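So that the names make sense, note that chain A is the first sequence line, chain B the second, and so on, each numbered from 1. Because the structure is a prediction, the values reported are computed rather than measured. Values below: every heavy atom of this structure, side chains too, minus hydrogens, waters and symmetry copies.
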Number of protein chains: 2
Amino acid sequence: MVTLATVTAPPPDPTTSKAQQTRAAIVAAATKLFRTGGYDATTMRAVAKEAGVSVGNAYYYFGSKEHLVLAFYDEIFAAHLAGCERVLATETGFVERLSAVLEIWIDVAESSHEFAGKFFKHAAEPTSPLSVFSPESAPTRDGAIALMRRVVAGSDLKVAPALREELPLLLWLVQMGMVLFWVYDASPGRTRTRQLVRQAVPILDKLLRATRIPGVRGIADDVVALVKSLVPPTA
Amino acid sequence: MVTLATVTAPPPDPTTSKAQQTRAAIVAAATKLFRTGGYDATTMRAVAKEAGVSVGNAYYYFGSKEHLVLAFYDEIFAAHLAGCERVLATETGFVERLSAVLEIWIDVAESSHEFAGKFFKHAAEPTSPLSVFSPESAPTRDGAIALMRRVVAGSDLKVAPALREELPLLLWLVQMGMVLFWVYDASPGRTRTRQLVRQAVPILDKLLRATRIPGVRGIADDVVALVKSLVPPTA
DNA sequence: TCCTTGAGTTGAACATGTTCAACATTCGCG
DNA sequence: CGCGAATGTTGAACATGTTCAACTCAAGGA
């Protein structure tokens, strides 16, 4: 239903069409209010008022309150991507690259943690447009997987080509697992999640390199086959 | 409305006090309506009406609509446990025991799948009483972990004692992972989730038995240490 | 017997996400 | 320009989870 026609510019001057402006105003208002007051405390009436539009108008552009959160995802991802550039350009160690990328995500998302639980409850609902597998979130998801592809591509990691091909997707799933843990992490500064990354990434590295051991390689192939057979062809 | 409360002392027999009856009536009504109409379509007004109480009274016993779902968890777990008894008593192969237990869960939960997505969105929200880590759901959770302990205890699996000790918790986490997949599984009869179980359990078995390989044992120890350090001491 | 106390119960009121019929504006085109 | 269609906009109305001040009632003591 919602088409997100924002990508390709229909008219010659797409920068500030009226609709784009209204849309942007609503997103800006929602983002601001979400950040200051959290998800539940931010009413659609407040968003509309802040944006200077009517409630119904907000629903004209966004199918539901949840859709407004997608803007948040994009914002976080954009900041994450920007924050990773330096490390991706300089570092070559796989453990260092992956750890850095994951920890930068934690940094970027920290300010959203308080109400992230409210967001991610929608991300876990299959029917929600906020689901991490939903078509609506496909652009952000694809971007995140592409980021993982860069993590692998620029690293010194040596694995079988077949596994290497699937690795970005696997690493994105790993990241989703980390996010799940992060949502539950009440420790100050998310130290527990950081601890998880620092401990788990070297283990993952060991596991990946262990795929060269004959007895382990078969298991790795099984895992790859399993994931390939289960992840929807959409991704 | 049968009264007969006059006969004997109320305190000595707490099994069916008036309050317990009311509580049970509300749970029964909610369960019935959830099953027939789903979560969202079941209003608190409908539940109250079905139970023959007022809306406010339902809230006197249950803090929110979500709390009513806990009764559902208990129901599913009880059915799961009962369904597993035969296999646990007869089968000794680890792969067979674990696969059977997981598949029986899929059978038991099948009738709830349609609205399970709506339930589990709360299960993924840390602040919700429905969270799989919440104190409110502790009894059911502990029961589920105990079930996994029986799966391990009665099996032919040979692993290091340290790992064996942590295995029930690990297997429960595996089950939670399966449930997460299951929630997203739209295939008829949940064939994809069953496929996942049939493929993943042998892999898990291989991995566990591979912990005897010197180069792998260290990784296994790392994983155990990681989980032990991260799972809250409550569990 | 009468009062006190506290658990149990009520339904109207409230807050808020969402819808919708109506109105306004802009656009495309002759 | 004129005008019909598409797009944009409005706010009142609706549905439903939740709250709360008031009420009922049974038990127990003085």
**Message:** Protein within reach of the bases, or only the backbone? For nucleotides 16-22 of chain C, mark each nucleotide 5' to 3' as B, S or -, using heavy atoms under 4.0 Å.
**Reply:** BBBB---
**Complete:** Sorted by chain and number, sequence neighbours left out, side chain to side chain contact (heavy atoms under 4.5 Å, CB included) with A/T36 holds for A/L33
**Request:** Please name all residues satisfying salt bridge (charged side-chain N to carboxylate O under 4.0 Å, His left out) with B/R23, sequence neighbours left out, ordered by chain then number.
**Result:** none
**Request:** May I ask you to evaluate whether B/Y60 reaches the phosphate of C/dG8, defined as a side-chain N or O under 4.0 Å from OP1 or OP2?
**Result:** yes
**Asked** Who are the salt bridge (charged side-chain N to carboxylate O under 4.0 Å, His left out) partners of A/D74, not counting sequence neighbours?
**Response** none
**Of all pairs that satisfy salt bridge (Lys or Arg N to Asp or Glu O under 4.0 Å), the ones with a partner from residues 167-184 of chain B, not counting sequence neighbours** = none
**Prompt:** Should the pair A/D107-A/R194 be classified as a salt bridge under the 4.0 Å nitrogen-to-oxygen rule?
**Reply:** yes
**Inter-end axis angle, the helix from C/dT1-D/dA30 to C/dG30-D/dC1, with every axis fitted to five base pairs (rounded, 10 degrees)** = 10°
**Message:** Rounded to whole Å, please give me the gap between CD in A/Q21 and C1' in D/dG8.
**Reply:** 14 Å
What pairs of nitrogen or oxygen atoms, one from the protein and one from nucleotides 23-26 of chain C, lie under 3.5 Å apart?
none

**Message:** Tell me every residue that passes ring pair (Phe, Tyr, Trp, His ring centres under 6.0 Å) with A/F34, counting only those two or more places apart in sequence or in another chain.
**Reply:** A/Y39, A/F119
**Request:** Would you please name every residue forming a salt bridge (charged side-chain N to carboxylate O under 4.0 Å, His left out) with A/E110, sequence neighbours left out?
**Result:** A/R190
**Request:** For A/V201, enumerate each residue passing the side chain to side chain contact (heavy atoms under 4.5 Å, CB included) test, keeping only those at least two apart in sequence or located in another chain.
**Result:** A/V95, A/L98, A/S99, A/L102, A/V197
**Item:** Interatomic distance, A/Y61 OH vs D/dT7 P [rounded to whole Å]
**Value:** 11 Å
**Message:** Per the side-chain hydrogen bond (donor to acceptor under 3.5 Å, both in side chains) rule, what does the pair list look like for residues 45-56 of chain A, sequence neighbours excluded?
**Reply:** A/K32-A/E50
**Prompt:** Is any side-chain N or O of A/T22 closer than 4.0 Å to OP1 or OP2 of D/dG8?
**Reply:** no
**Request:** Mind checking salt bridge (charged side-chain N to carboxylate O under 4.0 Å, His left out) for A/R35 and listing every partner two or more places apart, or none if nothing turns up?
**Result:** A/E75
